[in-house]
Protein chains: 2
Amino acid sequence: MRVLIVEDDPLHRSYLHEAVRAALPECDLVVEAENGQSGEIEARKARMEHVVMDLQMSERNGIEAARTIWRERPDTKILFWSNYSDEAYVRGVSRIVPEGATYGYVLKSASDERLKLALRSVFVESQCVIDREVRGIQQKSLGNAHGLTDAEYEILVDVALGLTDKAIAQRKRLSLRSVQNRLQQLYEKLDVYDLPDDGMEGWYNLRMRAVAVALLRKVLNSSALERAERELHDRGSS
Amino acid sequence: MRVLIVEDDPLHRSYLHEAVRAALPECDLVVEAENGQSGEIEARKARMEHVVMDLQMSERNGIEAARTIWRERPDTKILFWSNYSDEAYVRGVSRIVPEGATYGYVLKSASDERLKLALRSVFVESQCVIDREVRGIQQKSLGNAHGLTDAEYEILVDVALGLTDKAIAQRKRLSLRSVQNRLQQLYEKLDVYDLPDDGMEGWYNLRMRAVAVALLRKVLNSSALERAERELHDRGSS
DNA sequence: CTTTGTCCTGCGGAAACCCGCAGATTTTGC
DNA sequence: GCAAAATCTGCGGGTTTCCGCAGGACAAAG
């Protein structure tokens, strides 16, 4: 068995290396990459079928790297190992996992034991292992109590990029009014109408406030924004 | 000499501990704290005069912790040790440094040597040590080529929180038009008028786009947003 | 087949935004 | 001390948001 480690922090990288060695004695080769860019290259070059991947790296983050790796070999087993359980990351990951692929999502705050167990479960037993906390986020984001639907999430991203209603309508092939309808739903879901103690009305610019709340709740994060921005420019020139 | 380490990642914490031991043999006590909250408490309890501080921790981030520590004992020597050189962090730090205080700012990507040298320089020699890269950001943010003035930065934060022009005017004791003037300056500085290739005009909502650009350029980040949000609520109820 | 629910669409208006213009005030530099 | 530069302010308008109301398309349930 060969394992590829993609992680930008040297300390975490060597810790991971150690953990892999200890948990997977049948592993005869461990390759390290220090960002998504080179991670993709290594995966392609050595046909790695087992990857431990950090999210949040410069150059090219884990989600993008995982997507291209899975696009080339959908049977690759990927264990995501991240500091955070932001809804933006969780949503980003579930968005790109191919049909039937096996993957895991463990937090860096988890114990040694949990990490090693996850390594064996995912790589050897082909079982999906999702950290309890991450699972919770996943549920909440689907259970439509406060969770956003895909439609709402997409419009949130477009708004956050700074597009006007008209621009969004054009991009999404919708009428202006429909875009505004979705925006209103979004405003409800994000409790934008809650006033800040003082009974001041008209205190908030709803459009901007919605994005602020989304950022504070980690529904959105800057890495998701960066991805969307690149996509916007690509599509814009195609 | 006694040193306090405030850092949430266990691996980085023990690495730091090691580095302090090696670089400062005259140090006879090292205390560790795993977030800003307990960092403040430890600093107060043991009257620590030397602190190594991570930025970006949950609970209470390094900037806030440093501020309260410095408020109580302005002669405390603090070495910031961070993953990022976001303009938002750099600006946040310089905003809270007391007159004549000695401090340092090193990136985690720096070498062992650099870290140890910085430890000695700041704690023993009372010299300020700012990482070259961080220094660059600092210069750029002051050199008004593309850098924002304090006034512009403050309005950016208010806008990013989702306040309306009127609300900002009230908070800042300015007329509506003055707020809008500052906004226009902001739009210029952030190149919001640049259109995305396609000659589409009216494509961007300037207010939102400005914040998006600020986030993408790391002039703003979510930790700065969180801080501002708390401040908003505190002042709102006072 | 009807009903119910969900989504899209157009219309119209109140409010907020963006901004040029021009006068008043303050700050800066010499 | 005075001129230049930078800021603050009010006015007026064009544009964009925000949203209630009302009608149409389509699918699922009774």
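We name chains A, B, ... by the order of the sequence lines, and we start the count at 1 in each one.
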Between protein and nucleotides 7-9 of chain D, what N or O pairs are separated by less than 3.5 Å?
unit_1: D:dC8; atom_1: OP1; unit_2: B:Arg182; atom_2: NH1; d: 2.7
unit_1: D:dC8; atom_1: OP2; unit_2: B:Arg182; atom_2: NH1; d: 3.4
unit_1: D:dT9; atom_1: OP2; unit_2: B:Ser175; atom_2: N; d: 2.7
unit_1: D:dT9; atom_1: OP2; unit_2: B:Ser175; atom_2: OG; d: 3.4
unit_1: D:dT9; atom_1: OP2; unit_2: B:Ser178; atom_2: OG; d: 2.7
unit_1: D:dT9; atom_1: O5'; unit_2: B:Ser175; atom_2: OG; d: 3.3
unit_1: D:dT9; atom_1: O4; unit_2: B:Asn181; atom_2: ND2; d: 3.2

What integer distance in Å separates B:Met208:CE from D:dT17:P? 12 Å
Candidates A:Val211, A:Val213, A:Asn205 - the one meeting side chain to side chain contact (heavy atoms under 4.5 Å, CB included) with A:Arg209: A:Val213
Specify the separation, in whole Å, of atom CG of B:Asn205 and atom P of C:dC17. 10 Å
Roughly how many Å is it from CD in A:Gln180 to P in C:dG13, rounded to a whole number? 16 Å
Value in whole Å for how far the P atom of D:dG20 lies from CG of A:Leu206: 11 Å
To the nearest Å, give me how far apart CD (B:Glu152) and C1' (D:dA6) are. 12 Å
Determine: side-chain N/O of B:Gln184 to OP1/OP2 of C:dC17, distance under 4.0 Å, yes or no. no
Rounded distance in Å - CG (A:Leu183) to P (C:dC8): 12 Å
Distance in angstrom units between B:Tyr204 OH and D:dT15 C1', rounded: 19 Å
More than 12 foreign heavy atoms under 6.0 Å from NZ of A:Lys172: is that the case here? yes
Please determine if a side-chain N or O atom of B:Tyr193 lies less than 4.0 Å away from the OP1 or OP2 oxygen of C:dC19. yes
In whole angstrom, what separates A:Ile155's CD1 from C:dC7's C1'? 13 Å
